[in-house]
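Working notes, beginning with the structure itself.
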Amino acid sequence: MTATLFHNACAATLDPAREGVWGVVEPAAILSENGRITWIGPESDLPSQRASGAERIDLGGRWVTPALIDCHTHLVFAGDRSGEFEQRLSGVSYEEIARAGGGIRATMTATRAASLEALTDAAEARIRQLMRGGVASVEIKSGYGLDMDTERAMLMAATEAARRAGVRVRRTFLGLHALPPDYQGRRADYVRWMAGDVLPALHAEGLVDAVDAFCETIGFTPAETELMFEAAARLGLPVCLHAEQLSDQGGAALAARYGALSADHLEYLSEAGAQAMAQAGTTAVLLPGAFYALKETKRPPVDLLRALNVPMAVATDLNPGSSPLVSPVLAMNMACILFGLTPAEAFAGMTRDAAKAMGVAGEAGMLRAGLAADLAVWDVSGPAEIVYWIGHPGPERLFIAGQEASL
C-alpha cells in the first residue's frame, strides 16, 4: 500500500458537509492511500496509527484545495483562427463568419489535414497549460473532424494526450458541431450518418464517454439534436448540450428530458428551461471565455439558477475560435466579474460542480475521504485570493491521485 500524509496545511475542501462555503479545515492533514483520500481532518485529530509508515509531505502552511476540473474543452484541433479574431474586432459577427465558411469549418479543414501525432502533441501541450493552472481532470470534445476518420483521430489524440500528461479525461463525441461542406443540402443524411454509423462505431472502439451537440440557429435544430440523443441513449451514453448560447432554441429543456449531465453556455436560457434543468439535476456550465471573446452582452441568468439550486460549473471552453483561453484561474475570475458569481461559487464551479457536469462526482471535485487525492497547493492568504487575481499563475504544486505532477 502506498500511503502519503499531507500535513501542515490549510484545506479548502469544498465539501458541503463541512462548515462554511469553502469547507475549511485548519490546520489540516490529508492521508492518501493508493491514490485516494482515506482520511482528512484537523491535524490534531489524526490517529497516530493511521499515519504510521506513510510518506510525509509538509505543505508549509500553504492552502490546499481540490485540483481543478475543466469540464468543457475543445482542445484537440489544428491551426488557429487569429484572422477571425481580427474580423470580429472590425465588427463582423461570429454568425456572419460561420455562415461565410469560417468558424468551425475553418478548423475542420486544418484538423482533417493534420496527422494523429501532430494532433496529439498539440493537445498534450494545451493540457499541460491547463495543468499549470491547477487542472487534474479535463473533458475533451471531438467535432472538428465531422467525418469518421478525423473524429476517430481526435478522440484517439485526446486519449493519448491525457495519458501522457497524467490527467483524468472524459471524451465527448460532438459530431453535430457544424455541417461539413461535403454534406451541403443533405443535412438529414449527415445527422443520420453521425447518429447511426459514426457514433456507434467510435463507441465500439472504446473512444466515447459522452455525447454533445451544438443546438443553435447556426448549428443543429432540436429535432436533429434529439436524433443524436436517442442514439446515445441506445448506447447507454450520457449527454450534454451546447444550449441557448446565441438564441433560445429550447435546448436546455431538451437536454433535461434526456437527463443530461449539463447544458452549457445558457446566455438565452428561459425560466422554463432552468426549471427543467433543476428538476432533472442537470448542471449549468458557464463559459465566460466565449462570452468575453465574442463580446456578448446578455449574461446567463445566474440569479435564476441560484434560486432554483441548479449547480453552476465553470469551464474554459478552450477552443481556437470563440474561447482561446488556457487559464482556468482566469476563467474563474471572469465568472465572478462578468457573470456575478462569488469566489466560492466560481471555485466550486471548477471543482465540485464541474465534477457533476463531467460525470466524475464520485471520483473527484472535493477533498473528502473516498475521492481521488487530486490536490492543488497554493501560496495565497486564502482561497478567494486565487480567484481574485486576474490570471493567477496557478498552484505551486499539483498532485494527481496522490502523485506529484510535473509543472
Side-chain angles (χ1 to χ4, degrees), residues 14 16 21 69 71-72 139 172 174 176 210-233 237-288 290-291 294 296-315 317 331-332 334-336 338-342 344-362 365:
L14 277 296
V21 293
I69 297 171
C71 67
H72 182 129
E139 185 262 12
T172 302
L174 182 54
L176 297 192
V211 173
D212 193 358
F214 183 31
C215 185
E216 189 50 76
T217 54
I218 60 171
F220 292 86
T221 68
E224 291 165 338
T225 299
E226 191 155 14
L227 286 172
M228 181 61 77
F229 280 5
E230 287 290 344
L237 288 167
V239 298
C240 52
L241 187 64
H242 286 65
E244 275 74 276
Q245 179 185 9
L246 306 172
S247 62
D248 183 5
Q249 298 293 304
L254 170 62
R257 287 205 304 276
Y258 283 85
L261 292 171
S262 69
D264 305 27
H265 286 290
L266 301 177
E267 281 85 340
Y268 287 81
L269 178 67
S270 68
E271 184 170 354
Q275 289 173 340
M277 290 174 63
Q279 291 166 6
T282 296
T283 297
V285 177
L286 307 182
L287 302 171
F291 180 91
L294 297 178
E296 296 290 351
T297 57
K298 186 171 177 60
R299 307 190 323 169
V302 166
D303 288 340
L304 174 61
L305 293 167
R306 275 197 197 106
L308 294 172
N309 294 313
V310 175
M312 292 182 288
V314 176
D317 192 16
M332 291 190 290
M334 285 180 167
C336 294
L338 300 177
F339 293 164
L341 269 63
T342 68
E345 285 176 328
F347 211 96
M350 289 207 87
T351 52
R352 182 181 70 225
D353 294 332
K356 296 172 187 173
M358 194 166 139
V360 296

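All figures in this text were calculated on a predicted structure; none of them were measured in a lab. Each residue takes its place number in the sequence, starting with 1. All heavy atoms count here, side chains included; hydrogens, waters and symmetry mates do not.
- A donor-acceptor contact shorter than 3.5 Å is absent between the side chain of Q245 and the backbone of E216.
- Between P300 and H265 the shortest heavy-atom distance is CG-O, 3.7 Å.
- The main-chain N or O of A256 is never found under 3.5 Å from a side-chain atom of T282 such that the two would form a donor-acceptor pair.
- Rounded to the nearest 0.5 angstrom, R306 CZ and T342 OG1 are separated by 6.5 Å.
- Two residues are said to be in side-chain contact when any heavy atoms from C-beta on lie closer than 4.5 Å; L241 and F229 meet this criterion.
- The main-chain N or O of E244 is never found under 3.5 Å from a side-chain atom of Q249 such that the two would form a donor-acceptor pair.
- Between L227 and L176, the closest side-chain pair of non-hydrogen atoms is not below 4.5 Å.
- Looking only at side-chain heavy atoms (C-beta outward), V21 and E345 stay at 4.5 Å or farther from each other.
- Under a cut-off of 6.0 angstrom, the local environment of CD in E271 is sparse, with at most 12 non-hydrogen atoms contributed by other residues, nucleotides or ligands.
- For the pair L261 and P238, the tightest heavy-atom approach, listed with the atom from each and the gap, is CD1-CB, 3.8 Å.
- Looking at every heavy atom in both residues, A243 comes nearest to G251 through CB-C, 4.0 Å.
- Here L237 contributes atom CG and D212 contributes atom CG; the two are 12.5 Å apart, rounded to the nearest 0.5 Å.
- Across all their heavy atoms, C240 and A260 have their closest contact at CA-CB, 4.3 Å.
- Taking the side chain as every heavy atom from C-beta outward, R299 and L338 never approach each other to under 4.5 Å.
- Between the OG atom of S262 and the CG atom of L286 there is a distance of 10.5 Å, given to the nearest 0.5 Å.
- To the nearest 0.5 Å, atoms CE (M334) and CG (L341) are separated by 14.0 Å.
- Shown here for V310 and A274, the closest heavy-atom pair between the two residues is CG2-O, 4.0 Å.
- Between G365 and A355 the shortest heavy-atom distance is CA-CB, 4.1 Å.
- Annotation: the span from C215 atom SG to E226 atom CD amounts to 10.0 Å, rounded to 0.5 Å.
- Side-chain atoms of H72 and D317 form a donor-acceptor pair, as typed in the model, at a separation below 3.5 Å.
- Between atom CG of residue L269 and atom CD of residue Q275 there is a gap of 10.0 Å, rounded to the nearest 0.5 Å.
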Kindly list each side-chain donor-acceptor pair under 3.5 angstrom involving residues 346-353, sequence neighbours excluded, with atom names and distances?
residue, atom, partner, partner atom, Å
T351, OG1, F347, O, 2.7
R352, NH1, L14, O, 2.8
D353, OD1, K356, NZ, 3.2

